[in-house]
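Taking it in order: structure first as structure tokens, then the write-up.
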Amino acid sequence: MADQFRSTEGLIDALADADFDRPPALVSNAHITGLGVAHALDAHDVPVIALDRAGGAGDAGDAGTGTVTHDGLAPPSDAVDFAGAVTYPLDDLDGFREDVEAIVDAAGTEAVAFGCMDEWALSYAEADPDGVRLPFAGSETLDDVLNKSELYATCEALGVPYPETYRLAETAAAGTRDADASVEEAADALGFPLVVKPELKRDFEEAFGTNVIEVADREEFADVVAAASEEGIAVMAQKRVDIATGKDHSLASYVPPSGSDDALAVVGNAAVRYPRDFGTSCLVETADEPAIEERALAVLDDAGYHGISESEFVYDEAREEFLLLDVNTRPWKWISMPVAAGTNLPMAAYAAVTDATYESDGVEPTRWVYLRDYLSLLAGDETFWDQLSAADWRRLVSGEFEREGNLTTGVYRPADPGPAAKLFETEFVDREYYCSC
């Protein structure tokens with residue numbers, strides 16, 4: 001167990017004394033999503049090195065022990081063998097590459113990278129550190145999938161429904177495709193409120209602190225687009241979809257290099273989000289929606305993407321159909337659900353680039369719950385009715401859910417209590433981890 005989050009130098013020193021009988025996995029971030037990936041790999045005895053940026057209350061850590069402050073939940077997990085800081089790639093990509101190469105060199109063996117947020121996945125691909133195997137497509141393919149203009153053009157060509165969207169002339173100079181409309185023309189076509197989102201969300205998030213902005217009128221719309229233009233960021237206007245609450249669906253998949261015909265896939269229904277209408281998933285269950293699987297795999301296949309991904313769909317009540325919103329080319333918060341359902345996507349990805357083997361036994365109905373958010377919803381929203389049964393709660397409290405039944409969790413596992421205990425420790429102090437996933 002990694003009971004410390006080490007500085008880069010401290011991690012290198014620790015790894016120099018370690019022995020690995022197979023390539024370790026480099027898992028970034030070291031929080032909820034990274035923890036889910038670590039659990040999935042640890043179930044097959046894959047050693048895990050969790051890498052993240054340092055962060056917490058501003059404490060530099062303890063130079064004498066080689067540790068630094070970090071509020072993510074993966075380092076105390078029994079599924080993580082080592083954990084430590086690396087240069088944040090969005091601050092210094094070359095520094096990130098140098099840190100990762102030094103870590104791999106100290107480990108004495110090649111490693112397999114799992115980027116659990118967009119910036120980590122893209123940075124592993126762009127930096128391409130020596131000694132690191134990537135179980136996903138290269139940076140050009142990632143950019144094509146993550147670029148909303150490219151994604152929606154693919155949807156248009158394949159007949160995959162997506163929200164009505166216009167690339168804006170006012171930011172076309174920074175875009176990768178020709179504009180469809182001006183601000184005024186898009187406003188006339190879509191009405192208000194509408195959604196402004198970027199072609200590529202990394203720079204937009206850095207500039208605006210979010211990856212989507214809802215605007216209520218023409219003045220607000222024009223101001224946001226003008227600000228994006230000043231930042232050199234291409235944006236588009238999208239119809240605000242009248243979505244059906246509780247009917248968001250995603251395809252969780254691993255597509256191997258051989259193509260989508262050999263993909264492992266599970267459709268998940270985000271039955272409950274926190275906050276209810278626009279938050280992140282806190283209760284997800286398997287669903288039988290073959291059209292979603294077919295459409296998502298067609299998009300991935302057209303893009304030439306291989307690796308783990310989540311293809312997000314919402315149900316438009318007005319159009320009475322599922323619309324593709326986004327594709328995340330990496331693991332995500334509820335990655336433990338397809339694993340528990342019988343399709344260990346991280347292990348399949350690891351096996352594809354190593355001598356390991358993995359084969360799924362098929363998908364079983366499964367639910368995933370993130371108790372921190374689910375309990376907050378129960379306590380704070382009088383209109384929300386509990387969707388777990390008394391038997392579910394007994395199995396959760398007793399820990400029996402880990403051994404039987406169709407329920408799994410994010411973070412909370414009595415057999416691996418460190419992450420949940422750390423969540424309690426950090427939940428009530430005046431600091432916030434930089435990433436919610």
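As the structure is a computational prediction, the values presented were derived from the model and not from experiment.
Between Q387 and Y374, the side chains place no donor N or O within less than 3.5 Å of an acceptor N or O (distance only, hydrogens not considered). Counting only N and O atoms by type, the side chains of N406 and E364 include no donor and acceptor under 3.5 Å apart. Defined by atom type and a distance below 3.5 Å, a donor-acceptor pair is missing between the side-chain atoms of T171 and S229. With hydrogens and angles left out, the side-chain atoms of S250 and E310 include a donor and acceptor closer than 3.5 Å. Checked by atom type, the side-chain pair Y152/Q238 shows a donor-acceptor distance below 3.5 Å.
Atoms OG1 and CG, on T165 and L325 in that order, are 9.0 Å from each other to the nearest 0.5 Å. Note that CG of L283 is 11.5 Å distant from CG of D373, once rounded to the nearest 0.5 Å. Annotation: the span from M236 atom CE to D180 atom CG amounts to 8.5 Å, rounded to 0.5 Å.
When the shell of 6.0 Å around CZ of R22 is examined, it contains more than 12 heavy atoms from other residues, nucleotides or ligands. No more than 12 heavy atoms of other residues, nucleotides or ligands sit less than 6.0 Å from atom CD of E294.
Here the options are D99, D92, T8, the test is side chain to side chain donor-acceptor pair (under 3.5 Å), and the partner is T87; only D99 passes. The only member of V212, V224, L168 that meets side-chain contact (heavy atoms from CB on, under 4.5 Å) when paired with V196 is V224.
A salt bridge between R97 and D128 is absent, with no side-chain N of the basic residue lying under 4.0 Å from a carboxylate O of the acidic one. We find that K239 and D316 are not joined by a salt bridge, their nearest charged nitrogen and carboxylate oxygen being 4.0 Å or further apart. Looking at R167 and D178, no side-chain N of the basic residue comes within less than 4.0 Å of a carboxylate O on the acidic one, giving no salt bridge.
Between F192 and V215, the shortest heavy-atom distance links the atoms CD2-O, 3.8 Å. Taking all atoms of both residues into account, the shortest heavy-atom contact from S311 to F313 is O-CD1, 3.5 Å. Listed here is the closest heavy atom pair of P24 and E110: CD-O, 3.3 Å. Closest of all the heavy-atom pairs between A252 and P338 is CB-CG, 4.0 Å. Nearest heavy-atom pair, T286 versus P365, reported as atom, atom and distance to 0.1 Å: OG1-CA, 3.2 Å.
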From CA spacing to verdict: side-chain contact (heavy atoms from CB on, under 4.5 Å), F114, W120
CA-CA 8 Å; F114 287 85; W120 293 105; over 6 Å; no
Mind running ring-ring contact (aromatic ring centres under 6.0 Å, His included) on F96 and Y124 for me, showing each step along the way?
CA-CA 9 Å; F96 168 72; Y124 275 117; 5.2 Å; yes
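Under the 3.5 Å distance criterion, the side-chain polar atoms of N29 are left unmatched by any main-chain donor or acceptor of D52. Proximity of a side-chain donor or acceptor of E199 to a complementary backbone N or O of T176 within less than 3.5 Å is detected. Here the side chain of T329 pairs no donor or acceptor atom with the backbone of S309 at under 3.5 angstrom.
Note on ring orientation: taking the six-membered ring where Trp is involved, the planes of Y358 and H44 are perpendicular (angle over 60°, cut-offs 30° and 60°).
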